[in-house]
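See below for the structure under consideration.
Scope of the values below: all heavy atoms of this structure, side chains included, with no hydrogens, waters or symmetry mates.
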Amino acid sequence: MSKKKIEDKNESSQKQVLEQTLQYEKKIYDLEQLLDIAKSFCQNLDFSNLLESIVYICMAQMHVLGAEIFVRDLITNENFVLETSKDFLSDKKTMIPVNTPIASILISEERPLTFDELKKSCADCEHIKILEALNPTLVVPLIQKNHLNGMLILQERIAIEDDASYSEYEINQIMSIATLASVAINNAALLEMSSTDMMTHLKLKYYFFNLLTEAIDAAFLNKQHIAVIMFDIDFFKKFNDTYGHECGDFVLKSVADLIRKNLRDSDVASRYGGEEFTALLIDAGKEEAMIVADRIRSTINEHDFVYNNQHLHVTISGGVSVFDAETNLVSSPNEFVNQADQGLYMSKNNGRNRVTFFEPQGNTSRKSSNAKK
């Protein structure tokens, strides 16, 4: 063999070794990325934050301009709900029934499908138009124990060297991320359901107290104000006695929904017990808290509650307390809530359908806002 052939062979071998080394280095890097992603998912048990985290990670890993996630409805389990879309023009969420042919295809294939593949497999499915409106390039099943938890929609892809298609390696990579995401979503969903009142869909009392404990510590460290509002439905018993317990349930659900709609995303409402509700307002002083509390009271007072063609007039009473490291340094969540409860008690005694602010340090003066005197 000539010297040149030997040199060419050696050069070719060196190139192969270099290519293999680069491939292995990429695989090691991607495995390290998967470990970091798994840690991130496991540490995030807040349902909304987890979904947002999954979306941004997938966008970065797959070089897409957007992503969305459909997950099973936590309460009814009857629909896949588009939880990540920021459509501020409508309160109605986009849904696809769990018995859709799309779900059957994703389960049977057990792999990501391009939208063209999915559309070809179920061209007659009416729900395909819902997905099409999201401009998908890839639809990834979120599978947990042979159970479809949801669907990850990858939108328009950033073309690399004029090629916007997905390689087999990338398909395997996104499926690995989807598997981790599905486990995390399942765990977060279990926590969400265990901390949520199934009737009103508000948080439960014990969960509210856990959040309040953390909020008090953070407010003390950051020198912020936080507020607690306690509400009670006025003369609630009359709805049960007059129209039956189903009517009482209707009033509870409706009031809870109105409370939730009048709070910010950073605030938390809970069903405290029976017909009582609490709300935690982050970074809110006396003025802000009273405005929010009275807005909720006014909204409910003016709302037309219609049950079985009967128009019901529902009112609530409220009490407000504000944490302040200088003037109201509460020692525990119980003390904080009890202060708001004292304000509520005064609202009840002063005619109901009003909100009363709890003045700390034994100050007997109270400020009240009301719709009728």
Side-chain angles (χ1 to χ4, degrees), residues 34 37-38 40-62 64-87 92-115 117-119 121-122 125-155 166 170-196 198 201:
L34 279 177
I37 290 170
S40 173
F41 288 170
C42 290
Q43 292 170 355
N44 196 343
L45 288 176
D46 180 85
F47 196 71
S48 297
N49 290 340
L50 172 64
L51 296 182
E52 187 175 350
S53 174
I54 292 170
V55 163
Y56 285 123
I57 285 173
C58 291
M59 287 173 61
Q61 293 292 319
M62 292 294 107
V64 293
L65 296 177
E68 304 286 2
I69 297 180
F70 284 87
V71 294
R72 281 182 179 255
D73 184 273
L74 299 180
I75 307 301
T76 66
N77 206 34
E78 294 177 353
N79 296 290
F80 293 111
V81 183
L82 182 59
E83 292 285 1
T84 51
S85 178
K86 303 297 183 183
D87 185 359
K92 189 176 181 181
K93 290 188 175 182
T94 302
M95 298 183 184
I96 297 177
V98 295
N99 59 358
T100 175
I102 295 173
S104 302
I105 292 169
L106 289 173
I107 280 289
S108 62
E109 292 287 342
E110 294 185 328
R111 66 180 178 89
L113 297 174
T114 65
F115 182 69
E117 287 178 310
L118 186 61
K119 190 174 181 180
S121 300
C122 56
C125 175
E126 60 180 309
H127 308 123
I128 200 73
K129 293 181 179 179
I130 297 176
L131 294 185
E132 191 168 18
L134 298 173
N135 300 315
T137 56
L138 198 68
V139 180
V140 187
L142 301 175
I143 301 173
Q144 168 74 2
K145 295 181 180 179
N146 299 318
H147 183 78
L148 190 66
N149 279 347
M151 296 174 283
L152 170 64
I153 311 298
L154 300 185
Q155 297 173 317
Y166 296 89
E170 289 174 321
I171 292 291
N172 291 333
Q173 187 184 23
I174 190 61
M175 195 61 198
S176 296
I177 295 174
T179 300
L180 295 172
S182 186
V183 173
I185 287 173
N186 186 65
N187 292 339
L190 290 174
L191 178 62
E192 185 80 6
M193 288 186 289
S194 67
S195 62
T196 302
M198 290 297 102
H201 303 176

Under the side-chain contact (heavy atoms from CB on, under 4.5 Å) rule, what do Leu142 and Phe80 come out as? Steps first, then yes or no, please. CA-CA 11 Å; Leu142 301 175; Phe80 293 111; over 6 Å; no

State, with a plain yes or no, whether a side-chain heavy atom of Lys93 is found less than 4.5 Å away from one of Leu82. no

Counting N and O atoms only, with roles assigned by atom type, does the side chain of Thr137 sit under 3.5 Å from a partner on the main chain of Gln155, one being a donor and the other an acceptor? yes

Do Thr179 side-chain atoms and Met175 backbone N/O form a donor-acceptor pair below 3.5 Å? yes

Shortest non-hydrogen contact from [X] toward [Y]:
{"X": "Leu148", "Y": "Arg72", "answer": "O-NE, 2.7 Å"}
{"X": "Phe47", "Y": "Val71", "answer": "CZ-CG2, 3.9 Å"}
{"X": "Asn79", "Y": "Pro97", "answer": "OD1-CA, 3.5 Å"}
{"X": "Pro141", "Y": "Leu106", "answer": "CB-CB, 4.0 Å"}
{"X": "Ile107", "Y": "His147", "answer": "CD1-C, 4.2 Å"}
{"X": "Ala67", "Y": "Thr84", "answer": "O-OG1, 4.4 Å"}

With sequence neighbours excluded, what pairs up with Glu117 under the salt bridge (Lys or Arg N to Asp or Glu O under 4.0 Å) test? Arg111

Glu126: partners by salt bridge (Lys or Arg N to Asp or Glu O under 4.0 Å), with sequence neighbours left out: none

Could you state the interatomic distance from [atom1] ([X]) to [atom2] ([Y]), rounded to the nearest 0.5 Å?
{"X": "Thr100", "Y": "His127", "atom1": "OG1", "atom2": "NE2", "result": "5.0 Å"}
{"X": "Glu132", "Y": "Leu118", "atom1": "CD", "atom2": "CG", "result": "10.5 Å"}
{"X": "Leu191", "Y": "Leu50", "atom1": "CG", "atom2": "CG", "result": "11.0 Å"}
{"X": "Leu154", "Y": "Leu134", "atom1": "CG", "atom2": "CG", "result": "11.5 Å"}
{"X": "Gln173", "Y": "Cys58", "atom1": "CD", "atom2": "SG", "result": "9.5 Å"}
{"X": "Ile37", "Y": "Ile54", "atom1": "CD1", "atom2": "CD1", "result": "10.5 Å"}

Please test Met151 against Ile96 for side-chain contact (heavy atoms from CB on, under 4.5 Å), starting from the C-alpha separation and ending with a verdict. CA-CA 10 Å; Met151 296 174 283; Ile96 297 177; 4.3 Å; yes

Heavy-atom count check: over 12 atoms from other residues, nucleotides or ligands less than 6.0 Å from Asn146 CG? no

Taking only residues at least two apart or on different chains, which pairs with a member in residues 134-143 satisfy salt bridge (charged side-chain N to carboxylate O under 4.0 Å, His left out)? none

Applying the side-chain contact (heavy atoms from CB on, under 4.5 Å) test to Phe70, which of Thr94, Leu152, Val139 qualifies? Thr94

Go through it in stages, so that I can follow the logic: the residues are Leu138 and Val64, the test is side-chain contact (heavy atoms from CB on, under 4.5 Å), and I'd like the CA-CA distance, side-chain angles, deciding distance and then a yes or no. CA-CA 10 Å; Leu138 198 68; Val64 293; over 6 Å; no

For side-chain contact (heavy atoms from CB on, under 4.5 Å), just list the numbers for Ser182 and Ile185, CA-CA rounded to whole Å, side-chain angles, deciding distance to a tenth of an Å, and then say yes or no. CA-CA 5 Å; Ser182 186; Ile185 287 173; 5.7 Å; no

